[in-house]
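In what follows, a structure is listed as C-alpha cells, so that the remarks can point back to it.
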Amino acid sequence: MEGYNFKEVEEKWKKKWKEQKGFKAIDFSPKPKYYVLTEFFGVSGKGIHMGHVKANVPTDVIARYKRLKGFNVLYPVGWDAFGLPTENYAIKTGEQPEKVTEVNIENFTKQLESLGMSYDWDRQFSTSDPKYYKWTQWIFLQLLKHGLAYKKRGVVNFCPNCKTTLSNEDSQNGECDRCHGKVEQRERDVWYLKMTDYADKMLQDHEHCDFPEYVKAMQRNWIGKSEGAEVDFAISNTDKKLKIYTTRPDTLFGVTFMGIAPEHPLLNELQDKILNINEIKEYQEQVKNKTSFDRLVGKDKTGVKIEGVYAINPINNKQIPIFIADYVMMGYGTGALMAVPAHDGRDYEFAKKFNIPIIEVIKGGDIEKEPFVGDGELINSDFLNGQNVEQAKQTMIKYLEQKGIGTKKTNFKMQDWPFNRQRYWGEPFPVVICKHCGYVPLPESELPLKLPKIEDYKPDDNGDSPLAKAKDWVNCKCPKCGKDARRETDTMPNWAGSSWYWLRFLDPHNDKEFVSQDKLKYWGAVDLYTGGDEHVTRHMLYASFWHHFLYDIGAVPFEYPFKKRLCNGLVLGADGNKMSKSLGNVVDPMDILTPYGADAFRLYTMFSGEYDQNSIWNEQGIKGCVKFINNVWELPKLMTNEDKISEKHEVLLNRLIKKIEDSIENFTHNTAISDMMIFVNTIKQDGFITKEELKEFLIILNPFAPFITSEMFEKVFKDDILQQQFPTYNKDKLLENEIEIPVQVNGKVKGTIKIALNEEQNSVIEKAKNLLNLKETLKEIYVPNKIINLIVKK
RNA sequence: GCUGAAGUGGCGGAAUAGGCAGACGCAAGGGACUUAAAAUCCCUCGGAAAGAGAUUUCCGUGCCGGUUCGACCCCGGCCUUCAGCACCA
C-alpha cells in the first residue's frame, strides 16, 4: 500500500456512510438496546468548536463499540434552535433567526460528518420546527391543566441587555447566562412553572441515575432543602401577624430583633402606624436602585429600624423591635426572619452595628467575641433549658404546633421557574387572554400555534414582546366564549425545547402523539447521557422536573430519563484560559481536522487528557497520533498468511481486548489508545502479524478511528468492518506462561526472577533465595504470580 | 463560610482488590540517513552520589504522623489548588 492518504479515504467513507444509512436505530429490534445521547447542539454559531469535539467523540466511540458488540444502538442528533443564543446570533449577523438556524444546521451537519460521527441522521429535528414544538406546547397545556403553570405578578430577574425576564438558573452569580451582563430585579407578569412541587423528587434523582459525586452535590446545593418552622409574631396594636421562617426554632428565646425584606408587603399595610415611614420609603428606593449583584457583593449590613410598631415574641410576649434590612431576601422563606444574634453570624453583625442586645441561649461559646453556632446545652430558655440543640428543636416545634403559633416547615432555595421571555424566537404560549374568561388554554386540536413571521423581531426597550407587533396573529377569538381576545405575546425560554427532547428521538416523526407508548416501552431511559456541567443546575433540573411530571400523569412509563450521567471537561486554550475571541486563543476544529485528518484528531482528543477533566490544547501532541495512524496503515506489510492468532501474540491481543472493553465502559479512552499504541509498537518490533490478528485489531480500533479501519478492512479482507463482531477475550490467556516477578527484601525490590505461571510456592521461594544468596529468612510473603517479599533480620 | 474534587518528571498523563512509581505520548538532548530541510529510524531522558564501564547505592508521588511484610493507593491531622454555591434565616 502507498502512504496513507487520509483525505481521499475519509471523503470516500463519509459519502458511503451517508448513502448507506448504516447507523440507523431499529425500533423493536430483538437485539438488546443501547441509548446513548450527548446534549444536542445549540446553533448559536456557524459551526462546531473544540468543546463539541471533546464532548461528542467519546460517545461516538461507545455507540460504534456497542454496535460491534451486537447492540441495537440509538445515537441521535438534534438541534436546540429556539431561544436567546440563536436569536442573539441572528441579531448580530442581521439575519432572520429562521434563516440562521437553517444555514447553521447545514454547516454543523457537514462538520460532524467530517468528524465521522455515526448518528442516526433520520431522527434529527430542530426545536424550532412546528412539528416538534407542537408537542412542547402540548406539554405546557398539560402543565396548565394540572395546575403547575400559573401567571402571577412577581419580582424576577431581568436582563436589560437581552431585554427579557430570566430564571434564577439563567442568572447565577447575578449575571445573565447569555450576555454576562448584570441582571436587575423587576416586577413583571410572569408565567411560573411550579418546579418546587418536585423539589423532593428531584433530590431523589440520584437513586435512578448514576451521577458523579460533585454533580449530586451541585444539585443538592441548588435545590437547597432546609427544615425548620414557620412562626407567627403578632404586631403591636394591630391584628396583623408577621410570619417568619427559621431553621432554629430552638433559639426562640434568644430573639432580639426582627428583620424584614425591603419589598415586604407588610410595610405597605402598616404605613399609617409607622412613625418614620418617610425614612423607610427612602431606604426602599435605595435598595431598588442596587442591582441584585450589588446587594450580594456589598456585604456590609444596612437597614432601618421601624418606629411605632414592634413584634411580640409568641413564647414569652417580649417586645421585639423590627428592622427593614436588605440582607433579608423577599424570595426566600416568608421574606422575614427572627434574628438571634448570639447564634447567627449575620444577625450578630447587624446587632453589633445597630447596638441591639444579644441574648445567649446555647452554652459553649464566648458571645462577647463572636456568635456561637455549634451544639450545646440550652440556657435562658425556660422549658428548653438543659436540652441539646436537636432535642430543643423538636420540643419547640411540638410546642408551637400545640399552641397554634407555628408549624413545622420545609423550605427550598430553588424557586418556581419563570417561564416567559419577552423575545421573538421561541415557542408561542398556547394561551389566549380573554377579558371575560381570563387565561384560556388553546384546544389541543389547534396545535401547533405557529410562530408568525415578522420583519422586525428585535426585542423592545420597554420589555414588550416583539410578537405584539403581529396584530393579525395577536387578535383572535376566545376559544371559550367566542368574543374578541388576544394571544399571549411572550414566548417560552430556550430551555423549553430541551426539557423533553430525548423522548422525541424515540419517535421523531409521530404526528399523533408526542411519542408512542410502544416505543417508550421498547427504548426506555437513556442509558448514558453526557454533556457539560454548566447544565447540571439548569437543563438537568428542568429535564428532571418535566419528566417527573410526565411520569405522574402517565405519559411516560419510567420515572427518570437517564440511567447514567457523565460530564466532559473543557478544552482550554494553549494559554490555559477558556477559549475566547477576546483572548485570541480559539482553535477551530476544522483547522486541525483538515491538515491531520479526522482519525488522528479523534484519537488525540481522547488521548491528550481525561474525559471529565479540562485539557489544555497543545497542537504539538497530535503528532504522536498521526504517527500511530501511519504505523497502523503499514501493518499489512507485516502480515503473514497465518489465519490463526500466533502463540507469541495470543496474550498480547487477549489483554488488549479486555483493556479496551474496560476503558470504553469507564470512559478512560486515553489508556485505551496507549494500549493500542503498545500493541502496534510490539508488532513492529516482532516483525509480523497474522491475518486473524490484524482483523481483530482493526475491529478494536474501529470505534476510535473509523475511517482508516474501514478502508483497511475492505482492502485487506474484502469485507465491511461494520458488519463484524467485536472480538472476545479468553480469561485464561491474560498472562504469559512464563512471567517475571520482583523479589523484595524487607519490602524493597532487590531483583527479579522468572517463574512459570502458577508455579509452586516453595519453588518460587527457593528461586528468590538463590537469587540473593539468602540462607535465613524470618518469613516469606508470596502473592501468586505478582511479587515475593523476603523478611530478614535487620 | 458551605459543598465537592484534586495534588505524581520540563509537559499531558499511567499505575485501585495495597504489590517493580513514572506506562503511552509530547517536548528536549545525542546519533543515523540527507547537499540541506522535512519525514523516518536508533539511543538518552525524576534527583543525588560512586565507578573507566556494564552497573551500584541513597532519596523521591503536597506536608506530618499511623496501619502493614509492603502505601501514590487505607486511616488521622495539616497545607495548597481548582470547581460549584453563597447575606437562603
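Small disclaimer: the values here were computed from a predicted structure and weren't measured. Residue numbering restarts at 1 for every chain, and letters A, B, ... go by the order of the sequence lines. Excluded from the calculations below are hydrogen atoms, water molecules and symmetry mates; all remaining heavy atoms, backbone and side chain alike, are included.
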Give me the distance, rounded to whole Å, that separates B:C24 from B:G9 when you measure between the C1' atoms they each carry.
15 Å
Can you confirm whether the side chains of A:Glu230 and A:Thr334 place a donor and an acceptor under 3.5 Å from each other?
no
Qualifying residue, where the test is side chain to side chain contact (heavy atoms under 4.5 Å, CB included) with A:Trp617 and the options are A:Thr605, A:Asp575, A:Asn585, A:Val587:
A:Val587
B:A71 to B:C33 separation - P atoms, rounded to the nearest Å
50 Å
All N/O donor-acceptor pairs, side-chain side in residues 405-414 of chain A, below 3.5 Å, sequence neighbours left out:
none

Which nucleotide in the list B:U3, B:C20, B:A89 gets nearest to the side chain of A:Ile787?
B:C20
Figure out the CD/C1' separation between A:Glu619 and B:G25, and round it to whole Å.
16 Å
salt_bridge(A:Asp344, A:Arg248) N-O dist < 4.0 Å:
no
RNA chain B nearest-nucleotide lookup for A:Met414 and A:Arg538: closer to the 5′ end is A:Arg538
Without decimals, in angstroms, what is the distance between A:Gln613 CD and B:G7 P?
9 Å
Would you say the ring centroid of A:Phe350 lies under 6.0 angstrom from that of A:Phe257?
yes
Please report the distance, rounded to the nearest Å, between NZ in A:Lys225 and P in B:A89.
14 Å
Quick one: the side chain of A:Asn789 and the base of B:C69, do they pair up donor-acceptor inside 3.5 Å?
yes
When we call it a touch if two heavy atoms are under 4.0 Å apart, what does A:Ile781 touch: a base, just sugar-phosphate, or nothing?
base
Spacing of A:Arg220 atom CZ relative to B:U3 atom P, expressed in whole Å:
10 Å
Name the closest nucleotide to the A:Asn618 side chain, picking from B:C26, B:A21, B:U3.
B:C26
Taking B:U44 as the reference, what is the distance to B:G4 when you measure between their C1' atoms (whole Å, please)?
43 Å
Between B:A14, B:G25, B:G4, which nucleotide has the shortest distance from any of its atoms to the side chain of A:Phe607?
B:G25
Residues that A:Trp222 engages under ring pair (Phe, Tyr, Trp, His ring centres under 6.0 Å), provided they are two or more places apart:
none
From the options B:C24, B:C20, B:G4, select the nucleotide whose nearest atom is closest to the side chain of A:Glu213.
B:G4
Picking from B:G13, B:A89, B:C20, the nucleotide nearest the side-chain atoms of A:Met329 would be B:A89
Ring pair (Phe, Tyr, Trp, His ring centres under 6.0 Å) involving A:Phe688 - partner list, sequence neighbours excluded:
A:His649
Taking atom P in both B:G31 and B:A37, compute the distance separating them and give it to the nearest angstrom.
12 Å
Return yes if some donor-acceptor pair links the side-chain N/O of A:Gln219 with the main-chain N/O of A:Val536 below 3.5 Å, else return no.
yes
Per the glycosidic torsion and the 90° limit around 0, nucleotide B:G12 is anti
Quick tally for nucleotides 40-49 of chain B: nucleotides whose base has a protein heavy atom under 4.0 Å get B, sugar-phosphate-only ones S, the rest -, giving SS--------
From B:A15, B:G19, B:U3, nucleotide with atom closest to A:Gln744 side chain:
B:G19
What's A:Asp675 touching, base or sugar-phosphate or nothing? Going by heavy atoms closer than 4.0 Å.
nothing
In whole Å, what separates the P atom of B:A50 from that of B:C64?
26 Å
Hey, does the Lys NZ or Arg CZ of A:Lys216 hover above the aromatic six-ring of A:Phe211, less than 6.0 Å from the centre and inside 45° of the axis?
no
Between A:Ser663 (side chain only) and A:Thr671 (backbone N and O only), is there a donor and an acceptor less than 3.5 Å apart?
no
A:Tyr604 versus A:Asn618, side-chain donor and acceptor atoms under 3.5 Å:
no
Remember a base hit wins even if backbone is also touched, and classify A:Val783 as base, sugar-phosphate or nothing at under 4.0 Å, heavy atoms.
base
Would one find a side-chain N or O of A:Asn670 under 4.0 angstrom from OP1 or OP2 of B:A23?
no
Between B:G4, B:C26, B:G84, which nucleotide gets closest to the side-chain atoms of A:Asn221?
B:G84
Anything below 3.5 Å on both distances counts as a pair; with that, list the stems of at least three consecutive Watson-Crick or G-U pairs involving RNA chain B.
B:1-7 with B:79-85, B:10-12 with B:24-26, B:28-32 with B:40-44, B:46-50 with B:55-59, B:62-66 with B:74-78
Output the rounded distance in Å from CD (A:Gln620) to P (B:G25).
16 Å
Say we look at B:G70 and B:G19: how far apart would their C1' atoms be, to the nearest angstrom?
7 Å
Generate the contact string for nucleotides 77-83 of chain B. Rules: B means base contact, S means sugar-phosphate contact only, - means no protein heavy atom under 4.0 Å.
-------
Look at the side chain of A:Pro742 and decide which nucleotide, out of B:C20, B:G19, B:G25, has an atom nearest to it.
B:C20
Categorize A:Glu780 for me: base, sugar-phosphate, or nothing, with a 4.0 angstrom heavy-atom threshold over every strand shown.
nothing
Is it the case that the side chains of A:Glu169 and A:Tyr542 hold a donor-acceptor pair, with the cut-off being a distance below 3.5 Å and no angle test?
yes
Establish, from distance only, whether the side-chain atoms of A:Glu759 and A:Tyr782 form a donor-acceptor pair under 3.5 Å.
no
Round to the nearest Å and state the distance from A:Phe628 atom CZ to B:G12 atom C1'.
18 Å
A:Lys748 side chain near B:C59 phosphate (N/O to OP1/OP2, under 4.0 Å):
yes
Rounded distance (Å) that lies between atom C1' of B:C85 and atom CD of A:Gln172
9 Å
Decide yes or no for A:Ile306 and A:Leu267: does some side-chain heavy atom of the first lie under 4.5 Å from some side-chain heavy atom of the second?
yes
Rounded to whole Å, how long is the line connecting atom CD of A:Glu349 with atom P of B:A86?
19 Å
In terms of side-chain heavy atoms of A:Tyr245, which of B:A23, B:C85, B:A89 is nearest?
B:A89
How far does the P atom of B:C42 sit from the matching atom of B:C26, given to the nearest Å?
12 Å
Just by distance, with hydrogens left out, do A:His535 and A:Glu39 show a side-chain donor and acceptor under 3.5 Å apart?
yes
Distance between the P atoms of B:G62 and B:G10, in whole angstroms?
14 Å
Give a yes/no answer on whether the side chain of A:Tyr332 brings an N or O atom under 4.0 Å of OP1 or OP2 in B:A89.
yes
Side-chain atoms of A:Lys413 come closest, of B:A86, B:A89, B:C20, to B:A86
